[in-house]
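Working notes, structure below.
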Amino acid sequence: MSEIEHLQKELEETKKALQDREMIFNHIVESTFAGFFDWNIPENTEYLSPTFKKMFGYEDHEMESSPEAWQRIIYQEDLPKVFELFGAHVESKGKIPFDSELRYHHKDGSLVWVFCRGKVVEWDEQGNPLRMLGSHIDITNIKKSEETKLYVEKLEQKNKELQQFAYVASHDLQEPLRTIISFTELMLEQYSGNMEGNADTYLRFISDASNRMSSLVKGLLDYTRIGKNFEVSEVDTELVLQNVLSDLNTLITEKHVTFEIDSLPKIQGLDTEIRSLFMNMITNAIKYKKKGEHPLIKIGATEEMNHWKFRVEDNGIGIEKAHLKRIFLIFQRLHNKDEYAGTGIGLAHCQKIVELHGGKIWVESTPGLGSTFYFTIPK
Ligand code: ADP
């Protein structure tokens, strides 16, 4: 083979290798959706790849390839950052990397976050930059999830502050309330029957109202305490239920309550809280019974995919569809205190306990026939 033929062969091979590299490069750019730019610095002309433009919603022909084109759609507050970084990159002869997170306006008006990495790849003899290559990667989703995470953290913090406030407020309110209650009782004891006009009745109103307020404040205090001692252990729900029923023995006998109880599982949870959950549901099932009928309460649990689903079913007055969600909110009651005594905290308690365990609580009901409360506890 002559030298010319040899050189020609080498040239062919180099050409093939170059084409191959170009194909790989194009494939990477296309499949990673990375945008690519090539800036001729002295002439201030710039190639912007179709993927660069696509990232901001433009077809290749819709956006010119020039420095002005991207400068028009970049978030204006981020533009000085680009020049500053470029200055530092050049000044340090490329030692300070040209890496930056920048915001752009998408054609549809939304915001696009990009990670931009650039590098001056050619310098003249005096050390002036001649050419810069760079890429853009869309990091909008990462930024969004970071923002959501921050938002959730802030919300959790606010929630903690609110809990603390409710705790302090309800705790500090107890003392003055106790004073009102004990002095009204003293006055009733000492002066009842000897006061003029309606003073007796008024005093009784004060006494009733302050006692009621005391129950509300106590309920609120208990609510803020749920889960304070976060000690998860194995809880035998069947045993817990038996304890609750024995505590409620007098009420159960008095109201002629019948129970139908399936076997219940052992779960991982907070013992005292689970006890309070059953206590609330069962006392409600007894309290909201139909007039002239004895309560029949059915309790059971079924194993589902990744949780236990418990149910407490009663044959009571039932709940209108419109109120099925509202009753779980704190202080929400469907009846006035003369009809059924209560504070409206019980079910809010139940919801907080179930959510603390990572579960859900809800109710299904037919007015006049009864209600079934469901809650799930993860396995
Ligand atoms: P409270 O019983 O102190 O009012 P809860 O938070 O336990 O507070 O319940 C909120 C409301 O939900 C009650 O006022 C009642 O109207 C309704 N409710 C709760 N349990 C039942 C039930 N088993 N049957 C019918 N209504 C119920």
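Every number for a ligand or one of its atoms is a count from 1 in the order of the listing.
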*Drop me the distance from I261's CD1 to T237's OG1, to the nearest 0.5 angstrom.*
10.5 Å
*Among protein heavy atoms, which lies nearest atom 27 (C) of ligand 1, and at what distance?*
Y288 CD1, 3.7 Å
*With sequence neighbours left out, what residues match D247 under side chain to side chain contact (heavy atoms under 4.5 Å, CB included)?*
R275, M279
*Protein contact to atom 20 (N) of ligand 1 [nearest heavy atom, distance to 0.1 Å]*: N284 ND2, 3.3 Å
*Provide, to 0.1 Å, the distance between atom 10 (C) of ligand 1 and the closest protein heavy atom, together with that atom's residue and name.*
Q332 O, 3.4 Å
*Contact atoms of ligand 1, heavy-atom distance to G342 under 4.0 Å*: 3 (O)
*Would you call K352-E273 a salt bridge at under 4.0 Å N-O?*
no
*Provide the number and element of each atom of ligand 1 under 4.0 Å from a heavy atom of S371.*
24 (N)
*Does any donor atom in the side chain of S371 or S365 lie under 3.5 Å from an acceptor atom in the other side chain?*
yes
*May I ask you to list the atoms of ligand 1 that are less than 4.0 angstrom from any heavy atom of G344?*
1 (P), 3 (O), 4 (O), 6 (O), 8 (O)
*Between K287 and ligand 1, which part of the residue brings a heavy atom under 4.0 Å of the ligand: side chain, backbone, both or neither?*
side chain
*asked:* Can you name the atoms of ligand 1, numbered from 1 with element, that are less than 4.0 Å from a heavy atom of I345?
replied: 6 (O), 8 (O)
_Side chains of E304 and H307: any donor to acceptor distance under 3.5 Å?_
yes
*Does V312 belong to the same Ile/Leu/Val/Met/Phe/Trp/Tyr cluster as W362, with side-chain heavy atoms less than 4.5 Å apart forming each link?*
no
*To which protein heavy atom is atom 26 (N) of ligand 1 closest, and what is the distance rounded to 0.1 Å?*
I319 CG1, 3.4 Å
*Just need the protein heavy atom nearest to atom 17 (C) of ligand 1, so name the residue and atom and give the distance.*
I327 CG2, 4.0 Å
_Is the contact between L347 and ligand 1 made by the side chain, the backbone, both, or neither, using heavy atoms and a 4.0 Å cut-off?_
both
*Name the closest protein heavy atom to atom 16 (O) of ligand 1, giving the residue it belongs to and the distance to 0.1 Å.*
H335 CD2, 3.1 Å
*Taking non-hydrogen atoms only, is F328 closer than 4.0 angstrom to ligand 1 via side chain, backbone, both or neither?*
neither
_Tell me whether K360 forms a cation-pi arrangement with F375, defined as NZ or CZ under 6.0 Å from the six-membered ring centre and within 45 degrees of its axis._
no
*Can N141 and W113 be counted as having a side-chain donor-acceptor contact under 3.5 angstrom?*
no
*Non-hydrogen atoms of G318 versus ligand 1: any pair closer than 4.0 Å?*
yes
_Heavy-atom distances under 4.0 Å decide this one: backbone, side chain, both or neither, for N280 against ligand 1?_
neither
_Under the rule for ring pair (Phe, Tyr, Trp, His ring centres under 6.0 Å), what residues qualify as partners of F259, not counting sequence neighbours?_
none
*asked:* Closer than 4.0 Å to some heavy atom of L334 - which atoms of ligand 1 meet that?
replied: 14 (O), 16 (O)
_Tell me whether K54 is salt-bridged to E59, with the criterion being a basic N under 4.0 Å from an acidic carboxylate O._
yes
*Provide, to 0.1 Å, the distance between atom 23 (N) of ligand 1 and the closest protein heavy atom, together with that atom's residue and name.*
D314 OD2, 2.8 Å
*Identify the protein heavy atom lying closest to atom 4 (O) of ligand 1, giving its residue, its atom name and the separation to 0.1 Å.*
R333 NE, 2.5 Å
*Parallel, tilted or perpendicular: rings of F56 and Y104 (30°, 60°)*: parallel
*Is it the case that more than 12 heavy atoms not belonging to K81 sit under 6.0 Å from its NZ atom?*
yes
_With the threshold set at under 4.0 angstrom, would you say G316 reaches ligand 1 through any of its heavy atoms?_
no
